[in-house]
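Step one of this worksheet: look at the structure below.
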Number of protein chains: 2
Amino acid sequence: MTRSTTSARPPGRPRSGVNAVVFAATLSTVNELGYAHATVDRIAAAAGVAKTTIYRRWPSKGALIVDCLLDAFGPLPLEGASRAAFMSSAIHWIAAKISEPGVGDAFAGVFSDAVSDPALREVLSTRLQDPYRLALQDALGEPENRVLFFIDVVVGTLLHRMGMTGEPMVDADVAALVEMVLPHFTDGPGPT
Amino acid sequence: MTRSTTSARPPGRPRSGVNAVVFAATLSTVNELGYAHATVDRIAAAAGVAKTTIYRRWPSKGALIVDCLLDAFGPLPLEGASRAAFMSSAIHWIAAKISEPGVGDAFAGVFSDAVSDPALREVLSTRLQDPYRLALQDALGEPENRVLFFIDVVVGTLLHRMGMTGEPMVDADVAALVEMVLPHFTDGPGPT
DNA sequence: CGGTATCGATACCTTTGGTAGCGAAACTGG
DNA sequence: CCAGTTTCGCTACCAAAGGTATCGATACCG
């Protein structure tokens, strides 16, 4: 877990491999208590780790959540026989991810905090939004502002519904979202 | 300002008419410092009012913000020669409101807090979302779930962009949003 | 004038994100 | 085996912020 590839190990006691344990504890705590009540103390207790250990590895609660989400989402699956099929699968993919226990609440929560926290906004953009935006641009050959617009539409709609109901969007509304977006991605073959 | 229509005035000292002053102080403070840094203490100081006075009138910061937004938005203008024209003007209307100083930040901030606060979510739904949803349903004759879906799309997109950039959506993207929604509202005349 | 409810002011409580300091443990190189 | 370095858990602590309690003063009604 801790640097196994290049460069000799630095001096001192190596970090214990508890990142995965902390991520799991984070999602389960958020799933159980909601984002605001999932305090760093509780997450540390659930992971069987001292709070200071968490702050030694992540500079803030927001950064921890972002890394946790990065671990939970993984890479965007680049599949689809056509541009429309690709966008459809991508929308269903993120909707399914958001529906996983704890993921949706953590996702919505970190976006919430970012509204009033420019530093967190920067972390969120750089580590989460930018990679997926670039992957979409490469796969579809779309200009940046157009990709950003459709990310706003898809993610904004999913998050707003979750923010208002506390539950992820139902399949029928995800399908409606797909139907709304698809006409804008009809030309040319998909990235597969 | 304080009950001028029916029923005899209740006993005791009447409330001073500072609601409007508090609303103005709230928006200007949010505009100046952002939602999270616009603490109740600061808002009270900006309004020239004691913090206890604010908590005597609104049970929480969230409820204050919701009332402030209600005051800032006013009723949805029910104008449009066709359903498409009505939806277009409604989308531009809310985009313009969100662009007003402080309004957008307060709007995004209260939605943010609501994600982890079911009580605030209830206030937000009952006092802000429901009235506009009902107005849309009456004006367009649309079923509730369809109206809720398009509210999610429009408001979610606007708020997500603001949450990621700190600034309201530019006109070009608002126009793109309109273009995306309009095909779903083509039949029949408008509510005017 | 008596009853009632609001006013500003102050002090206070609680939660929570985040930090500092400490001794113990784990690892490396000599 | 030992010195050096870094992480570990633990405890104590700080500051910010939402929210509450109390109190004397004030405004209004009958």
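Every chain is numbered from 1 and lettered A, B, ... according to where its sequence line falls, protein lines coming before strand lines.
For D:dT5, the OP1/OP2 oxygens have no side-chain nitrogen or oxygen of A:Arg15 closer than 4.0 Å.
In this view, A:Glu32 satisfies the side chain to side chain contact (heavy atoms under 4.5 Å, CB included) rule with no residue, not counting sequence neighbours. Remark: B:Phe149 engages no residue in a ring-ring contact (aromatic ring centres under 6.0 Å, His included) (not counting sequence neighbours). With sequence neighbours left out, the side chain to side chain contact (heavy atoms under 4.5 Å, CB included) criterion links A:Pro143 to A:Asn145, A:Arg146. For B:Glu100, the side chain to side chain donor-acceptor pair (under 3.5 Å) test picks out no residue, with sequence neighbours left out. Remark: A:Phe111 engages A:Phe107, B:His160 in a ring-ring contact (aromatic ring centres under 6.0 Å, His included) (not counting sequence neighbours). Looking at residues two or more places apart in sequence or on another chain, you find a ring-ring contact (aromatic ring centres under 6.0 Å, His included) between B:Phe23 and B:Trp58. Every side chain to side chain contact (heavy atoms under 4.5 Å, CB included) that B:Ala90 has, sequence neighbours left out, goes to B:Leu76. Under the rule for a side chain to side chain donor-acceptor pair (under 3.5 Å), A:Glu144 has no partner lying at least two apart in sequence or in another chain.
The aromatic rings of A:Phe73 and A:Tyr132 sit perpendicular to each other, their planes meeting at more than 60°, with 30° as the lower class boundary.
Atom P of nucleotide C:dT16 and atom CG of A:Asp113 are separated by 13 Å, given to the nearest angstrom. Taking atom CG of A:Leu33 as the reference point, atom P of C:dT15 lies 14 Å away to the nearest angstrom. At whole-Å resolution of the value, CZ in A:Arg57 and C1' in D:dT7 are 8 Å apart. When the P atom of C:dG17 is taken as reference, atom CD1 of A:Ile54 falls 11 Å away, rounded to whole Å. Going from atom CG of A:Asp117 over to atom P of D:dA16 covers 16 Å, rounded to whole Å. Across the protein-nucleic acid pair, B:Ile65 atom CD1 and D:dG18 atom C1' stand 13 Å apart, rounded to whole Å.
Within residues 35-42 of chain B, the residues having any heavy atom closer than 4.0 Å to DNA chain D are, in order of number, B:Thr39, B:Val40, B:Arg42. Listed in residue order, the members of residues 104-111 of chain A having a heavy atom less than 4.0 Å from DNA chain D come to none.
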Determine all donor-acceptor pairs shorter than 3.5 Å in which one atom belongs to a side chain in residues 35-52 of chain B; sequence neighbours excluded.
{"unit_1": "B:Tyr35", "atom_1": "OH", "unit_2": "B:Asp113", "atom_2": "OD2", "d": "2.8"}
{"unit_1": "B:Thr39", "atom_1": "OG1", "unit_2": "B:Arg42", "atom_2": "N", "d": "3.2"}
{"unit_1": "B:Arg42", "atom_1": "NE", "unit_2": "B:His37", "atom_2": "O", "d": "3.0"}

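By the rule that hydrophobic residues join a cluster once side-chain heavy atoms approach within less than 4.5 Å of another member, A:Trp93 and A:Phe86 end up as members of one cluster.
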A correct 5'-to-3' footprint of nucleotides 20-30 of chain D, with B, S and - meaning base, sugar-phosphate only and no protein heavy atom under 4.0 Å, is BB----BBSS-
